[in-house]
Amino acid sequence: MNPWATWLATYGTVRYQLSRKQGWHAFVTAPPREPFEVLSRTAMSRLSQEELEDYNEARMVWNANLPTIKTSQLAAAYGICDQVMASAYRDGDKLRGSVVIDAEPGLGKTTIATRYARDVHRRVLRRDGPLTVEGHQRWPVAFIPLSAGVTLKGLNQQILRFYGHPAVDRASTSKLGALAVDCVTSCGTRLIVLDDLHFVDFRHRNGLEVSNHLKGLANDYLQLTPACPERARREPEIPEITSWTGLPSVVHHGTGGIDEGAACADAGHGVRVVDGAR
């Protein structure tokens with residue numbers, strides 16, 4: 001087997017379905033792809049047809065999955081995230097912050113969220129171990145992607161699908177909410193990533209139900225104070241954002257850029273990271 005076929009066998013079929021616990025685990029634990037030898041045009045001309053096919057396939061896989069570079073914008077985003085996560089150590093009667101990442105499509109909102117969340121996941125497991133005090137599997141981070149027109153039932157089902165709960169398609173809407181809360185608390189989840197929060201239409205009844213459920217998750221079950229939920233009502237057109245929160249603080253229904261004093265923006269990059277506690 002030529003070296004590029006070997007490289008493809010090891011790194012060419014890695015796929016992460018982050019919306020499932022197994023996929024998130026693979027993303028968190030996977031080592032970086034090993035770089036492969038870059039050939040000149042002259043060297044490529046000496047390859048056999050099969051070797052050239054494997055080399056080009058490996059090159060496509062590598063170019064489609066370039067390593068994340070910690071630019072100054074990414075470092076600034078991490079700095080704000082660290083500050084907001086630090087507020088999760090406050091007692092339950094105090095306000096906790098959350099983070100909204102706001103930018104045009106293709107500028108790395110999800111990349112920022114998933115890479116930071118991966119670091120959190122690794123750090124918590126290293127410090128606290130794989131099991132909770134009660135003996136449950138510890139799962140520090142949950143990644144919950146939202147779809148267009150998401151409903152209250154759909155949100156809870158998506159949470160349960162991430163944890164692999166067997167009752168995801170059988171329980172009633174009210175029971176689904178209780179099961180979702182049980183998964184979050186039993187697994188010691190510290191951070192929930194909600195990808196594409198702009199899919200929630202807060203002008204529609206379904207969107208309001210989702211909003212109230214998220215506030216209830218923070219208030220009733222985790223005994224927290226919501227962070228400025230009225231901001232979504234002031235700005236019904238939710239821009240393309242990735243919203244995620246440090247538990248215990250669940251979700252923030254804000255939109256990027258409203259609180260200028262809380263925003264960290266780079267004019268050239270166009271990504272705003274907003275501390276939603278304001």
Side-chain angles (χ1 to χ4, degrees), residues 11 13-33 61-86 88 97-126 138-147 150 155 158-159 161-164 183-184 187-200 214 238-247 249-252 254 256 264 266 269-276:
Y11 301 106
T13 58
V14 176
R15 296 293 183 269
Y16 306 125
Q17 190 176 8
L18 299 184
S19 61
R20 300 294 187 271
K21 186 173 67 171
Q22 295 83 355
W24 181 259
H25 175 74
F27 171 68
V28 169
T29 58
R33 284 182 172 88
V61 171
W62 176 260
N63 289 336
N65 298 277
L66 294 175
T68 302
I69 300 174
K70 196 165 186 178
T71 63
S72 59
Q73 294 88 357
L74 182 63
Y78 273 33
I80 290 181
C81 296
D82 285 338
Q83 294 177 42
V84 175
M85 285 293 293
S98 54
V99 174
V100 176
I101 303 176
D102 174 24
E104 295 296 323
L107 293 182
K109 301 182 300 298
T110 300
T111 298
I112 292 173
T114 53
R115 270 56 182 180
Y116 186 87
R118 179 175 62 183
D119 292 346
V120 170
H121 194 104
R122 291 172 173 173
R123 186 165 59 247
V124 172
L125 287 183
R126 174 189 61 79
R138 188 184 305 281
W139 212 257
V141 173
F143 182 87
I144 312 298
L146 303 181
S147 57
V150 62
L155 171 64
Q158 194 69 9
I159 295 174
R161 284 194 182 96
F162 176 84
Y163 288 99
C183 286
V184 171
C187 294
T189 300
R190 299 279 301 277
L191 180 71
I192 293 180
V193 180
L194 292 178
D195 198 20
D196 291 327
L197 188 63
H198 67 284
F199 281 137
V200 179
L214 293 172
I238 305 299
E240 179 119 7
I241 58 177
T242 298
S243 181
W244 50 304
T245 68
L247 284 178
S249 70
V250 178
V251 86
H252 170 55
C264 175
D266 181 89
H269 191 261
V271 175
R272 287 193 299 270
V273 182
V274 180
D275 178 351

Exercise. By salt bridge (charged side-chain N to carboxylate O under 4.0 Å, His left out), which residues pair with Arg161, not counting sequence neighbours?
Worked result: Asp169

Exercise. Which residues satisfy the side-chain hydrogen bond (donor to acceptor under 3.5 Å, both in side chains) test with Thr68, sequence neighbours excluded?
Worked result: Arg115

Seminar exercise, completed: The side-chain hydrogen bond (donor to acceptor under 3.5 Å, both in side chains) partners of Trp24 (sequence neighbours excluded) come to His121

Exercise. To the nearest 0.5 Å, what is the distance between OG1 (Thr111) and CG (Leu74)?
Worked result: 9.0 Å

Exercise. If you take all heavy atoms of Leu18 and Gly23, which pair is closest and at what distance?
Worked result: CD2-O, 4.2 Å

Seminar exercise, completed: So OG1 of Thr189 and CZ of Phe162: to nearest 0.5 Å the spacing works out to 7.5 Å

Exercise. Is Pro67 close to Trp62 at the side-chain level, that is, under 4.5 Å between some pair of heavy atoms?
Worked result: yes

For this session: Supply the atom-to-atom distance Lys21 NZ to Cys183 SG, rounded to the nearest 0.5 angstrom.
Result: 8.5 Å

Problem set entry | Pairwise distance CZ(Arg123) to CE(Met85) - rounded to 0.5 angstrom | 7.0 Å

Exercise. Do you know the tightest heavy-atom contact between Val141 and Ala117?
Worked result: CG2-O, 3.4 Å

Exercise. Atom CZ in Arg118, atom CZ in Phe143: separation rounded to 0.5 Å?
Worked result: 12.5 Å

For this session: Identify, with sequence neighbours excluded, every residue that meets ring pair (Phe, Tyr, Trp, His ring centres under 6.0 Å) alongside Tyr163.
Result: none

Exercise. Among Leu125, Leu191, Val28, which residue meets the side-chain contact (heavy atoms from CB on, under 4.5 Å) test with Pro140?
Worked result: Leu125

Seminar exercise, completed: Sequence neighbours excluded, the answer for side-chain contact (heavy atoms from CB on, under 4.5 Å) partners of Asp82 is Tyr116

Seminar exercise, completed: Residues Gln158 and Ser19: closest non-hydrogen pair is NE2-CB, 4.0 Å

Problem set entry | Rounded distance (nearest 0.5 Å) linking atom CD1 of Ile144 with atom CG of Leu155 | 8.0 Å

Exercise. Can you name the side-chain hydrogen bond (donor to acceptor under 3.5 Å, both in side chains) partners of Asp119, sequence neighbours left out?
Worked result: none

